[in-house]
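A short worksheet on the structure shown next.
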Amino acid sequence: MTTLSTDVLPLPRAFYARGAERVARALLGQILVSTIGETRVAGRIVETEAYIGPHDDASHAAERIGRTARNESMFGEPGIAYVYRIYGVHWCLNVVTDRVDYPAAVLIRALEPIEGQDVMRVRRSIARSERDLCSGPGKLAQALGITGALDAHPLDAPPLFILEGGRVPPSRIVTCTRVGITRAHDLPLRFYERGNPHVSRW
DNA sequence: TCGAAGATTGTCT
DNA sequence: GACAATCTTCGAG
């Protein structure tokens, strides 16, 4: 099993202070760590989606919707979390990007588990295989213990943070259309690591 | 105050 | 492949 060295630092705030599409690509290969509930669990980011601003009609902060209580953290500092509930059932984790007062974010869609798989398995009692632990936005939130309480949390501090894990080279990044949306579904804003079995869908 | 829709997942056929 | 679960959000009345 892979272990993490303890001298790796969180990604700096500046990492997130650029367009969501660039951050979505750069996040592939980085390490998402949760110490929620005292136990440390971690996974390598292998799939993301970008929601690039008010002109992105699929975004929760699209121009036709505007700034609301729900999407407030999307307008906050780059590098904080935007956590929302979907279908009344699951939590989804986004990373806020770009600049203050400009709603752009990256949805973390899948992880490759690298630490704390036993804890993930307890939280995801339904999972039958390691692949089932984090291969979807709702699944990884459950595996890491992420809830709405983490909305607006800065992602360079416990209990939820992202570490430098090495980038995925551009030749290994697949670009395609986003999953599960009804508006602006033709934009190529989903990114995943080629051939990685932990991606949510092909 | 009501109703419809939603960046998903798991179960059943 | 179809559909239910489940609840917050937002627009309409």
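Quick note on labels: first sequence line is chain A, next is B, and so on, each numbered from 1.
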Atom pairs and distances, donor-acceptor, side-chain atoms in residues 49-57 of chain A, under 3.5 Å, two or more places apart:
from: Glu49(A); atom 1: OE1; to: Tyr51(A); atom 2: OH; distance (Å): 2.7
from: Glu49(A); atom 1: OE2; to: Val179(A); atom 2: N; distance (Å): 2.8
from: Asp56(A); atom 1: OD1; to: Ala58(A); atom 2: N; distance (Å): 3.1
from: Asp56(A); atom 1: OD1; to: Arg178(A); atom 2: NH2; distance (Å): 3.1
from: Asp56(A); atom 1: OD2; to: Ile52(A); atom 2: N; distance (Å): 3.1
from: Asp56(A); atom 1: OD2; to: Arg178(A); atom 2: NH1; distance (Å): 2.7
from: Asp57(A); atom 1: OD1; to: Arg64(A); atom 2: NE; distance (Å): 2.8

Checklist entry - dA7(B) P sits how many Å from Asp151(A) CG, rounded? => result 16 Å
Next on the checklist: By a 5.5 angstrom centroid cut-off and a 30 degree plane limit, is there stacking between Tyr84(A) and dA7(B)?
Outcome noted: no
Next on the checklist: Going 5' to 3' along DNA chain C, between which two nucleotides do contacts with chain A fall, using a heavy-atom cut-off of 4.0 Å?
Outcome noted: dA5(C) to dC10(C)
Checklist entry - What's the verdict on side-chain contact (heavy atoms from CB on, under 4.5 Å) for Val199(A) and Val174(A), showing C-alpha distance, side-chain angles and the deciding distance? => result CA-CA 11 Å; Val199(A) 167; Val174(A) 178; over 6 Å; no
Got a list of side-chain donor-acceptor pairs under 3.5 Å for residues 11-28 of chain A, not counting sequence neighbours?
from: Arg13(A); atom 1: NE; to: Asp156(A); atom 2: OD2; distance (Å): 3.0
from: Arg18(A); atom 1: NE; to: Phe15(A); atom 2: O; distance (Å): 2.8
from: Arg18(A); atom 1: NH2; to: Phe15(A); atom 2: O; distance (Å): 3.4
from: Arg25(A); atom 1: NH2; to: Thr175(A); atom 2: OG1; distance (Å): 3.0

Checklist entry - Listed by chain and number, what are the salt bridge (Lys or Arg N to Asp or Glu O under 4.0 Å) partners of Arg124(A), not counting sequence neighbours? => result none
Nucleotide N/O to protein N/O under 3.5 Å, stretch nucleotides 3-6 of chain B:
from: dG6(B); atom 1: OP1; to: Thr182(A); atom 2: OG1; distance (Å): 3.1

Item to check | Arg121(A) side chain to Ala143(A) backbone, donor-acceptor under 3.5 Å | outcome: no
Checklist entry - Under 4.0 angstrom, heavy atoms only, what part of the nucleic acid is Ser200(A) near: base, sugar-phosphate, or nothing? => result nothing
Checklist entry - How far, in whole Å, is dA7(B) from dG1(C) if one measures between their P atoms? => result 22 Å
Item to check | Ile31(A) vs Val8(A) side-chain heavy atoms within contact, under 4.5 Å | outcome: no
Checklist entry - Got a sec? Which of residues 120-148 of chain A come in under 4.0 Å of DNA chain B, heavy atoms? => result Arg124(A), Ile126(A), Arg128(A), Gly136(A), Pro137(A), Gly138(A), Lys139(A)
Checklist entry - How would you list, by chain and number, every residue that makes a side-chain contact (heavy atoms from CB on, under 4.5 Å) with Ser125(A), sequence neighbours excluded? => result none
Next on the checklist: Just so I know, are the side chains of Val95(A) and Ile108(A) near enough to count as touching, which here means a heavy-atom distance under 4.5 Å?
Outcome noted: yes
Checklist outcome for this item: Here the side chain to side chain donor-acceptor pair (under 3.5 Å) pairs for residues 77-94 of chain A, sequence neighbours left out, are His60(A)-Tyr82(A)
Checklist outcome for this item: Those residues at least two apart in sequence (or on a different chain) that pass salt bridge (Lys or Arg N to Asp or Glu O under 4.0 Å) with Glu72(A) are Arg67(A)
Checklist entry - In whole Å, what is the span from the CG atom of Leu93(A) to the C1' atom of dA7(B)? => result 12 Å
Checklist entry - Which residues pass the salt bridge (Lys or Arg N to Asp or Glu O under 4.0 Å) test with Asp151(A), sequence neighbours left out? => result none
Next on the checklist: Please confirm whether the shortest side-chain N or O distance from Arg109(A) to OP1 or OP2 of dT8(B) is below 4.0 Å.
Outcome noted: yes
Next on the checklist: Defining pairs by Watson-Crick or G-U wobble geometry with both distances under 3.5 Å, how would you list the stems of DNA chain C with at least three pairs each?
Outcome noted: B:1-6 with C:7-12, B:8-12 with C:1-5
Checklist entry - Glu164(A) side chain to Gly166(A) main-chain N or O, any donor-acceptor pair under 3.5 Å? => result yes
Checklist outcome for this item: The salt bridge (Lys or Arg N to Asp or Glu O under 4.0 Å) partners of Arg172(A) (sequence neighbours excluded) come to Glu193(A)
